Protein chains: 2
Amino acid sequence: MVRKTKEDAELTRLRIIDAAREVFLARGVSRSTMEHIATQAGVTRGAVYWHFENKTELFQAMREQVFLPLIDRMDDTLLVEGSADPLTRIEHFLSGTIQVLDECITTRQTYEIMMIKCEYVDEFAEVLQKLLSNCSGIVENITLVYERAAAKGLLRDGLTPAEYSMDTHMFFTGLLHMWVKETDGSPIRQQARQLIKSHMALRRK
Amino acid sequence: MVRKTKEDAELTRLRIIDAAREVFLARGVSRSTMEHIATQAGVTRGAVYWHFENKTELFQAMREQVFLPLIDRMDDTLLVEGSADPLTRIEHFLSGTIQVLDECITTRQTYEIMMIKCEYVDEFAEVLQKLLSNCSGIVENITLVYERAAAKGLLRDGLTPAEYSMDTHMFFTGLLHMWVKETDGSPIRQQARQLIKSHMALRRK
DNA sequence: CTATTTACATACATTCTTGTTTGTATATAA
DNA sequence: TTATATACAAACAAGAATGTATGTAAATAG
């Protein structure tokens, strides 16, 4: 049988994306060939080229599968005024992200690929720009929340909300990198929650 | 003329490393070929293969040219008891590193290559391990200095020296990443000194 | 002064990848 | 029911890129 129903085809598409993630992770994006990915997915290159124009498109599909949902989550956790105070909401946002990495293999693998198995040149340079503008958004949001915390008198004096926000952003960027690069030796994955707690404790009044 | 004097040969070697850095930066490590590098250096692949067995060795040479001196600098700035108090020494270490990036193109390019133009798979996985163990060393050293600061009563209460050290390390890892990825839009390179100041201000008693 | 390295350049063989083209069985539309 | 579009597989052509082998002129050792 050759021609599949639409649902079958969509399944094939998803299996190709899964395969791409595995192959990217194991061999790096550059060294991964369409053939590797096809084999891993149990199809031929014909199928891969049918669903994706080239490796870059496939990479983008893999990326969006993980990052689009994550962006949505952010706004909810961070900005929606809930029961918790602003500083606790930031803390939950950070440790929530870590929790997703802990629990979701797909997300974890995608992060690892994007951080240490991908070269941001040529077509991929745009991806980096997207990531950066995404970061700017996060910093802005966190700044907002720090401002609310300051307004409520919860924020320690000394730095401006924007400065606290940048410091937090740097911290979390670094944490994510260490988390992803984690080897069996260093137990950062166990410590992450505690590190976030410590970080936030520093800015409570 | 073909055969060069030993000094000439060494110059050729250095020019090849320079060329490799430029090509790696422009095309990413994976997409850079020995031919690209040779052309950029004004020699043929023969010369490149004479000096380096393969691209990985060339990459390592480029890396060590920048990182070996940097490691030396760290111990001096950080550990040698000078006129400054421990917390200020940490601050100087951090902003000193940023200053090197500011002033030295070679260092800046090498950092950029290693952070966003290299895939850490196969042979390069070891490089990542080296980098990580290097990081562990830095964290240990910074912890030591925070302990001295605590002993002198300069360190704010709340976190342990180890926790402060980890937080600082995350912060600086993140800062370096943002610094390197800096686009024309965001002015992190101007802010870096101030961000470091803010970060350290948070831990002074 | 001669023999031997050295420091490359040039040429060659082989392997990988890619993109495209063609073929084809079957859903699906009309 | 038939025509067409779909979802692939299989085959093809062409260009990179690598590593190695060979050539060679000059530096250096003895």
Side-chain angles (χ1 to χ4, degrees), chain A residues 1-62 113 117-119 121-124, chain B residues 1-62 113 117-119 121-124:
Chain A
M1 73 222 132
V2 175
R3 166 82 141 108
K4 310 281 188 60
T5 171
K6 283 198 174 181
E7 295 103 40
D8 284 343
E10 181 57 21
L11 282 182
T12 303
R13 198 187 110 95
L14 292 177
R15 283 217 325 247
I16 291 173
I17 295 181
D18 283 350
R21 194 184 327 103
E22 301 283 353
V23 176
F24 287 160
L25 189 70
R27 322 180 66 120
V29 175
S30 292
R31 295 184 180 187
S32 301
T33 73
M34 294 303 231
E35 179 69 37
H36 296 146
I37 296 168
T39 303
Q40 171 78 20
V43 295
T44 65
R45 270 174 48 238
V48 180
Y49 274 108
W50 172 256
H51 287 282
F52 305 94
E53 267 200 32
N54 49 42
K55 207 165 65 178
T56 310
E57 269 214 1
L58 187 40
F59 178 88
Q60 292 283 8
M62 175 201 73
I113 291 165
K117 274 122 200 291
C118 177
E119 297 174 4
V121 288
D122 301 335
E123 328 91 77
F124 290 94
Chain B
M1 73 221 134
V2 175
R3 166 83 141 110
K4 309 282 188 58
T5 170
K6 282 198 176 182
E7 296 104 38
D8 284 342
E10 181 57 20
L11 282 182
T12 303
R13 199 187 110 95
L14 292 177
R15 283 216 326 248
I16 291 173
I17 295 181
D18 282 350
R21 197 185 325 103
E22 301 282 354
V23 176
F24 286 161
L25 189 70
R27 322 179 66 119
V29 176
S30 292
R31 296 184 179 186
S32 301
T33 74
M34 295 303 233
E35 178 69 37
H36 295 147
I37 296 167
T39 303
Q40 172 77 22
V43 294
T44 66
R45 273 174 42 230
V48 180
Y49 275 108
W50 172 257
H51 286 283
F52 306 94
E53 267 200 30
N54 48 41
K55 206 165 66 177
T56 309
E57 269 213 359
L58 186 41
F59 177 88
Q60 293 282 9
M62 175 201 73
I113 291 165
K117 272 117 200 284
C118 176
E119 297 175 3
V121 288
D122 302 335
E123 328 91 76
F124 290 94

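Here is how names work: the chains are called A, B, and so on, in the same order as the sequence lines, proteins then strands, and each is numbered from 1. Hydrogens, waters and symmetry mates are skipped; everything else that's a heavy atom, side chains included, is used. Since the structure is predicted, the reported quantities are computational estimates derived from the model, not experimental observations.
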[atom1] of [X] versus [atom2] of [N]: gap in Å, rounded?
X	N	atom1	atom2	value
A:Glu10	D:dT6	CD	P	15 Å
B:Leu58	D:dG19	CG	P	12 Å
A:Asp8	D:dA5	CG	P	22 Å
B:Ile37	C:dC8	CD1	P	16 Å
A:Lys6	D:dT6	NZ	P	8 Å
B:Glu57	D:dT18	CD	C1'	16 Å
A:Glu7	D:dC8	CD	C1'	17 Å

Notebook entry, point to check: Are the side chains of A:Gln60 and A:Glu57 in touch, meaning some heavy atoms are under 4.5 Å apart?
Noted result: no

Check: B:Phe52 versus B:Met62: any side-chain heavy-atom pair under 4.5 Å?
Finding: no

Phosphate contact ([N] OP1 or OP2) by [X] side-chain N/O below 4.0 Å:
X	N	value
B:Lys4	C:dC8	yes
B:Thr12	C:dA7	no
A:His51	D:dC8	yes

Item checked: Spatial distance of atom NE2 (B:His51) from atom CD1 (B:Ile17) [nearest 0.5 Å] -> 9.5 Å

Next item on the list: Nearest 0.5 Å please: distance from the CZ atom of A:Arg21 over to the CG atom of A:Leu58.
Entry: 10.5 Å

Item checked: A:Trp50 side chain, from C-beta outward: closest of C:dC8, D:dA7, D:dA9 -> D:dA7

Note to self: Nearest to the side chain of A:Thr44, heavy atoms from C-beta on, is which of C:dA9, D:dA9, D:dC8?
What the structure shows: D:dA9

Check: Taking NZ, NE, NH1 and NH2 as the nitrogens, is one of them in A:Arg31 or B:Glu123 under 4.0 Å from a carboxylate oxygen of the other?
Finding: yes

Item checked: Salt bridge present between B:Arg15 and B:Asp18 (N-O < 4.0 angstrom) -> no

Check: Quick check: does any side chain N or O of A:Gln40 sit under 3.5 Å from a backbone N or O of A:Val23, one acting as donor and the other as acceptor?
Finding: no

Pairs under 3.5 angstrom, nitrogen or oxygen only, protein versus nucleotides 11-18 of chain C, please.
residue	atom	partner	partner atom	Å
C:dT18	OP2	A:Met34	N	3.2

